[in-house]
A.B. asks: 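Mind having a look at this structure? Questions to follow.
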2 protein chains.
Amino acid sequence: MTNPPHDLNSFDRPSVTVDVVIFSLAMAQNDLRVLLVQRSREPYIGLWSLPGGFVHVNESLEAAAARQLAAKTGLESVYIEQLFTFGEPQRDPRRHVITVAYSALVPYSIIEEPAPNAPLQWFSVYDRPKLAFDHADIVDYALQRLRYKLEYTSVGFELLPNEFTLSSLQQAYEIVLAEKLDKRNFRRKILSADIIQETGQKSRSGEGRPAKLYRYQDNAVAEIKARRLFP
Amino acid sequence: MTNPPHDLNSFDRPSVTVDVVIFSLAMAQNDLRVLLVQRSREPYIGLWSLPGGFVHVNESLEAAAARQLAAKTGLESVYIEQLFTFGEPQRDPRRHVITVAYSALVPYSIIEEPAPNAPLQWFSVYDRPKLAFDHADIVDYALQRLRYKLEYTSVGFELLPNEFTLSSLQQAYEIVLAEKLDKRNFRRKILSADIIQETGQKSRSGEGRPAKLYRYQDNAVAEIKARRLFP
DNA sequence: ACAAAAGTGTTGGTGTTACACCCATGT
DNA sequence: ACATGGGTGTAACACCAACACTTTTGT
């Protein structure tokens, strides 16, 4: 989002915003969602856009991104990562605004659903409305990057609650990658990567055999071995 | 480089620069070099720093980076890539300056050596002077990224002239990765990637058997197959 | 003829994919 | 007892790493 400043002076330098692509999973709907805000003023009034805003002076970029995230979700310590900086002069029709794009991963179902007509909604990344500015490019880029990182790092765990079953982890991977994975191969690879541990508990959610619950060993997103998780 | 503006007003928003890590190979010295400029004013006067400067209004980031590159090297159409954006408020002791770091690869020996006391010099990335601001971090990051991309894309060709031998290509890889590679495996992998073609010519540089010359097929830096070039 | 660099194959090991059935629980 | 989802092993194949000698040229 690139709101106008309160004074409309034209400065001789571009200004800087952050925009945050906030992803979360809707496991029940088998869907990857992104949080969008509806613009209340020109330009692009009524269109949806990424949460974002100006970087304050003496505020780090990551702090600015975290501030946007906290403002929209109330969440503070979630995974957040710089993506890319978009600076085409015409990306904002009013004046030159450079935006540093961030991506955040919010654990599944941590946030309650907004009211149906709220100006803040979750949308499927696979079926989203027309976005303001170049935000569609930013979301596309973020998705591509998320998929890529899912394959060779352990970011995937950031989308799940602390304790999870291997099936739900696999489902998360399948939703993001938009493809089916082989159950046995998936389990072997995750287990052999040695990054999760059993909690000793079992989930008993409805029917079927209860599944072992696992915990991610480390909060840091580490490279998984030398090789990709799913080539 | 983050020069002060001519007026020293303190604005209420951070300003934006680009800094460019310009790499080139010194094949004869088996060295990877980076182009640095010596600062002529405070802060960090006398220290070396990356070529850089403010992004003009209505100028794209990539254009600003290309402008810096052309100003220092005279080169226009070389490989240039956005790396990361550094925005810690204290990275410039004067005021908040956000810099978008770019990396450029300049073909081997395209540029003449500057005069010995010029304020613009090539330095070995492995043995470089103390750098101003956070530029040492930026160079480290650029080197890490270059190594990484070398492994799974074809950026390596950007460091060589249009026509090259497999031995010189291997030498380029060895310099950047700072490790020896197996000749037979290297050749097999490059040739099977199907991204270079024989020119039909041979290099006859001094002693030894003349080597076939190859040309890179495509100017675009493409992913090489699904797998890394050198895992 | 010899020094120097170019060029060339094979083998063992490791990782990856594809694939089908039994197990524990709730109804 | 049956429906539901959890959990497990193996065999063929592809890719990778390690390794040494022959060829072509200049001197």
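For clarity, every value in this text was computed on a predicted model and none was experimentally measured. Each chain gets a letter, A, B and so on, in the order the sequences are listed, and its residues count up from 1.
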A.B. asks: Output the rounded distance in Å from CG (B:Leu213) to C1' (C:dA6).
C.D. replies: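 Distance check: B:Leu213 CG to C:dA6 C1' gives 12 Å.
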
A.B. asks: Taking only residues two or more places apart in sequence, or in another chain, which ones meet A:Asp182 in a side chain to side chain contact (heavy atoms under 4.5 Å, CB included)?
C.D. replies: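 If we apply the side chain to side chain contact (heavy atoms under 4.5 Å, CB included) test to A:Asp182, skipping adjacent residues, the hits are A:Arg184, A:Asn185.
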
A.B. asks: Taking side chain to side chain contact (heavy atoms under 4.5 Å, CB included) as the definition, give me every residue that meets it alongside B:Leu75, ordered by chain and number, with sequence neighbours left out.
C.D. replies: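 By the side chain to side chain contact (heavy atoms under 4.5 Å, CB included) rule, B:Leu75 matches B:Thr73, B:Val78, B:Val106, B:Ile110, B:Ile111.
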
A.B. asks: It should be established whether A:Lys189 places a side-chain nitrogen or oxygen under 4.0 Å from OP1 or OP2 of nucleotide C:dG15.
C.D. replies: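 Answer no for this pair, as no side-chain N or O of A:Lys189 is under 4.0 Å from OP1 or OP2.
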
A.B. asks: Between protein and nucleotides 23-27 of chain C, what N or O pairs are separated by less than 3.5 Å?
C.D. replies:
unit_1	atom_1	unit_2	atom_2	d
C:dC23	O2	A:Arg209	NH1	3.3
C:dA24	O4'	A:Arg209	NE	3.4

A.B. asks: What integer distance in Å separates B:Glu198:CD from C:dG7:P?
C.D. replies: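 Rounding to the nearest Å, CD of B:Glu198 and P of C:dG7 are 9 Å apart.
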
A.B. asks: Just the rounded figure in Å: distance from P of D:dT22 to NZ of B:Lys183.
C.D. replies: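 One finds 14 Å between P of D:dT22 and NZ of B:Lys183, rounded.
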
A.B. asks: Want to settle it: does B:Arg184 or A:Arg184 sit nearer the 5' end of DNA chain C, counting the closest nucleotide to each?
C.D. replies: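 Result: B:Arg184.
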
A.B. asks: Quickly work out the A:Leu191 CG to C:dT16 P distance and round it to whole Å.
C.D. replies: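 Going from CG in A:Leu191 over to P in C:dT16 covers 15 Å.
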
A.B. asks: Side chains of A:Thr85 and B:Thr85: any donor to acceptor distance under 3.5 Å?
C.D. replies: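 Judged by distance alone, the side chains do pair up.
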
A.B. asks: Sequence neighbours excluded and cut-off under 3.5 Å, please list the side-chain donor-acceptor pairs for residues 113-123 of chain B, or say none.
C.D. replies:
unit_1	atom_1	unit_2	atom_2	d
B:Gln121	NE2	B:Ala115	O	2.5
B:Gln121	NE2	B:Pro116	O	3.1
B:Gln121	NE2	B:Ala118	O	3.3

A.B. asks: Provide, to the nearest angstrom, the distance between the CD atom belonging to B:Glu151 and the P atom belonging to D:dC16.
C.D. replies: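 Rounded to the whole Å, the gap is 13 Å.
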
A.B. asks: By nearest heavy atom, map B:Leu166 and A:Asp182 onto DNA chain C; which one lands nearer the 5' end?
C.D. replies: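 It is B:Leu166 whose nearest nucleotide is closer to the 5' end.
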
A.B. asks: Using a distance-only criterion (donor-acceptor N/O pair, under 3.5 Å, no hydrogens), is the base of C:dG7 paired with the side chain of B:Lys212?
C.D. replies: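 Side chain to base: no pair below 3.5 Å.
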
A.B. asks: Grab the CD-P distance between A:Gln170 and D:dG7 for me, whole Å please.
C.D. replies: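 These atoms are roughly 11 Å apart.
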
A.B. asks: Checking side chain to side chain donor-acceptor pair (under 3.5 Å) for the pair A:Tyr216/A:Ser154: CA distance, chi angles, key distance, verdict?
C.D. replies: CA-CA 9 Å; A:Tyr216 180 42; A:Ser154 54; 2.7 Å; yes

A.B. asks: With sequence neighbours excluded, tell me which residues meet side chain to side chain contact (heavy atoms under 4.5 Å, CB included) with B:Arg209.
C.D. replies: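 B:Arg209: no side chain to side chain contact (heavy atoms under 4.5 Å, CB included) contacts found.
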
A.B. asks: Would you indicate which nucleotide in D:dT10, C:dG7, C:dG9 comes nearest to any side-chain atom of B:Arg188?
C.D. replies: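 When the side chain of B:Arg188 is considered, C:dG9 is the closest of D:dT10, C:dG7, C:dG9.
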
A.B. asks: D:dT8 C1' sits how many Å from A:Phe186 CZ, rounded?
C.D. replies: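 Between C1' of D:dT8 and CZ of A:Phe186: 16 Å.
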
A.B. asks: How many Å lie between CD on A:Gln171 and P on D:dG5, as a whole number?
C.D. replies: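 For the pair A:Gln171 CD and D:dG5 P, the rounded distance is 11 Å.
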
A.B. asks: Among D:dA17, C:dA6, C:dT17, which nucleotide sits nearest the side chain of B:Asn185?
C.D. replies: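 For the B:Asn185 side chain, the nearest candidate turns out to be D:dA17.
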
A.B. asks: Would one find a side-chain N or O of A:Ser167 under 4.0 angstrom from OP1 or OP2 of D:dG5?
C.D. replies: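 Result: no.
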
A.B. asks: For B:Gln170, check side chain to side chain contact (heavy atoms under 4.5 Å, CB included) against everything at least two apart and list the hits.
C.D. replies: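 Residues passing side chain to side chain contact (heavy atoms under 4.5 Å, CB included) with B:Gln170: B:Glu174, B:Leu181, B:Lys183, B:Phe186.
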
